[in-house]
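The structure appears right after this line, and notes come after that.
Here is how names work: the chains are called A, B, and so on, in the same order as the sequence lines, proteins then strands, and each is numbered from 1.
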Number of protein chains: 2
Amino acid sequence: MAMTKNDTLSAFTMSMRKAMLEFKSFLRNKLKESNIDLTFEMLQVLIELWKKDGVNQQELANLLHKDKASLTYLIDNLSKRKLVQRFEDPNDRRNKIITLLPEGSRLQAVILPWIDEMYTVAGKDIPVQLIKDGILLFEKIQSNLNPSAHS
Amino acid sequence: MAMTKNDTLSAFTMSMRKAMLEFKSFLRNKLKESNIDLTFEMLQVLIELWKKDGVNQQELANLLHKDKASLTYLIDNLSKRKLVQRFEDPNDRRNKIITLLPEGSRLQAVILPWIDEMYTVAGKDIPVQLIKDGILLFEKIQSNLNPSAHS
DNA sequence: ATTTAATAGTTAAATATCAAACCAATTTGA
DNA sequence: TCAAATTGGTTTGATATTTAACTATTAAAT
């Protein structure tokens, strides 16, 4: 049977979904091995804060392509675990600035090596140019599906 | 600053996430425009049933890379909407065979054109070979992260 | 043949996502 | 300046995902 371009795209999205799940699964296993009670999504937030601490929820939502409502819950869950803290921005009291607590900072040295390992394992025997081509492909698809989004 | 291969992979996963969200968002908008009360995930199940009706939950879970527990809930929600029905397999009473109800079948003619449109829009000005290259890239990453998985 | 193991499905609990409604604070603009 | 619009965050309700424990059924093994 002839495979149309749209059939290929259907296989593409399926395979993309599965690759995404493998990344998540890799990290979940690492966390579980060390009995760290964190989800992949909470980790995404922490990673952004390790790059730049003191960011408000909306900025985090934008960086992570998540809904601001999702961020409310994620910050709640990170706060419960005493990893981050909310502060009201004195310059604009609508904003809640999120900062790392000591335990949240401490985890960086433990977890970042796992992230690095994950990418090293995932990218084994793959030329970096292929990965860059993949990014360009994603960006083209994004702009096709949503021309108004200014990436 | 120099961008390492792992930095590129980090950008890759971010961009992949975003592309996935655009696909979901496109379909959600279509469904909403027509006031069809279905989620992207319920649609994934229907699409498999449109390809092959009368499949059990575990097979659906495997096809969609989902957990069997997720399928229980998805089938519950599709049943509530009178789109599918569970049957006990007489040959193996552990299995629940899922079949389309009339309304579930009827939706195919409405929704499949949207799926086709989604892929046509997404793939505009993209040579099919690039998409195939993307699939190979995903498969390589999958086997790197999870060598035991026999795709 | 009887015990053991594996498989399919359900349930519960915790978390995540999304849309919509909402509040408070700030910005715009007539 | 004051009303309207925008922005950041929260809440609610519905759905999705994951893990783990559990039941029922079937298959495997000694």
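- Taking only side-chain nitrogens and oxygens, A:Lys32 never comes nearer than 4.0 Å to OP1 or OP2 of D:dT18.
- Across all strands shown, B:Thr72 has heavy atoms under 4.0 Å from base atoms, whether or not it also approaches the sugar-phosphate.
- Side-chain contact between A:Glu41 and A:Lys24 is present, with at least one heavy-atom pair separated by less than 4.5 Å.
- For the residue pair A:Lys80 and A:Asn77, a side-chain donor N or O sits within less than 3.5 Å of a side-chain acceptor on the partner.
- In this structure, A:Asp76 atom CG and C:dA14 atom P are separated by 15 Å, rounded to whole Å.
- The CD atom of A:Glu88 sits 14 Å away from the C1' atom of D:dT10 (whole-angstrom rounding).
- Rounded to whole angstrom, the span from the CD atom of B:Glu41 across to the C1' atom of C:dC18 amounts to 10 Å.
- Look at B:Gln57 and you'll find a side-chain N or O under 4.0 angstrom from OP1 or OP2 of C:dT10.
- Under the 3.5 Å distance criterion, with hydrogens and angles disregarded, a donor-acceptor pair is assigned to the side chains of B:Asn62 and B:Gln58.
- Taking atom NZ of residue B:Lys18 and atom P of nucleotide C:dT17, one finds them 17 Å apart after rounding to whole Å.
- One atom, CG of B:Leu38, and another, C1' of D:dA16, lie 14 Å apart when rounded to the nearest Å.
- With rounding to whole Å, B:Tyr73 atom OH is found 7 Å from C:dA12 atom P.
- Among the protein residues, B:Ser70 comes within range of the nucleic acid bases, having at least one heavy atom under 4.0 Å from a base atom.
- Among the atoms of the strands shown, none is found under 4.0 Å from any heavy atom of A:Leu71.
- Rounded to whole angstrom, the span from the CG atom of B:Asn77 across to the C1' atom of C:dC18 amounts to 14 Å.
- Judged by distance alone, the side chains of A:Gln129 and A:Asp133 do bring a donor and an acceptor atom under 3.5 Å apart.
- The side chain of B:Asn95 approaches C:dG9 more closely than any other nucleotide in the set C:dG9, D:dT25, C:dA19.
- Across all strands, B:Asp67 comes closer than 4.0 Å to base atoms (heavy-atom distances).
- Counting all heavy atoms, side chain and backbone alike, A:Gln57 lies closest to A:Leu71 at O-CG, 3.7 Å.
- Mapping B:Lys80 and A:Gln58 onto DNA chain D via the closest heavy atom, the residue that lands nearer the 5' end is A:Gln58.
- Nucleic acid contact class of B:Asp89 (heavy atoms, under 4.0 Å, all strands): none.
- When each of A:Asp92 and A:Leu74 is assigned the nucleotide of DNA chain C with its nearest heavy atom, A:Leu74 is the one assigned upstream, toward the 5' end.
- Among the atoms of the strands shown, only primed sugar atoms or phosphate atoms (P, OP1, OP2) are found under 4.0 Å from some heavy atom of B:Leu21.
- With hydrogens and angles ignored, no donor-acceptor pair under 3.5 angstrom links the side chain of B:Arg93 to the base of D:dT25.
- B:Arg17 comes within 4.0 angstrom of nothing in the nucleic acid, heavy atoms only.
- As rounded to whole Å, 14 Å separates atom C1' of C:dT17 from atom CE of A:Met42.
- Taking only side-chain nitrogens and oxygens, B:Lys66 never comes nearer than 4.0 Å to OP1 or OP2 of D:dA16.
- Within 4.0 Å of A:Lys24, counting heavy atoms only, lies no atom of the nucleic acid at all.
- Checking A:Thr39 against A:Arg94, the closest nucleotide of DNA chain C that is more toward the 5' end is the one next to A:Thr39.
- B:Asp7 and B:Thr4 form a side-chain donor-acceptor contact under 3.5 Å, judged by distance and modelled atom types alone.
- Considering only side-chain N and O atoms, A:Arg86 lies nowhere under 4.0 angstrom from the phosphate OP1 or OP2 of D:dG9.
- Side-chain N/O atoms of A:Lys96 include one lying less than 4.0 angstrom from OP1 or OP2 on D:dT10.
- Between A:Lys68 and C:dC22 there is no side-chain polar atom (N or O) within less than 4.0 angstrom of OP1 or OP2.
- By the 4.5 Å heavy-atom criterion applied to side chains, A:Leu74 and A:Leu64 are not counted as neighbours.
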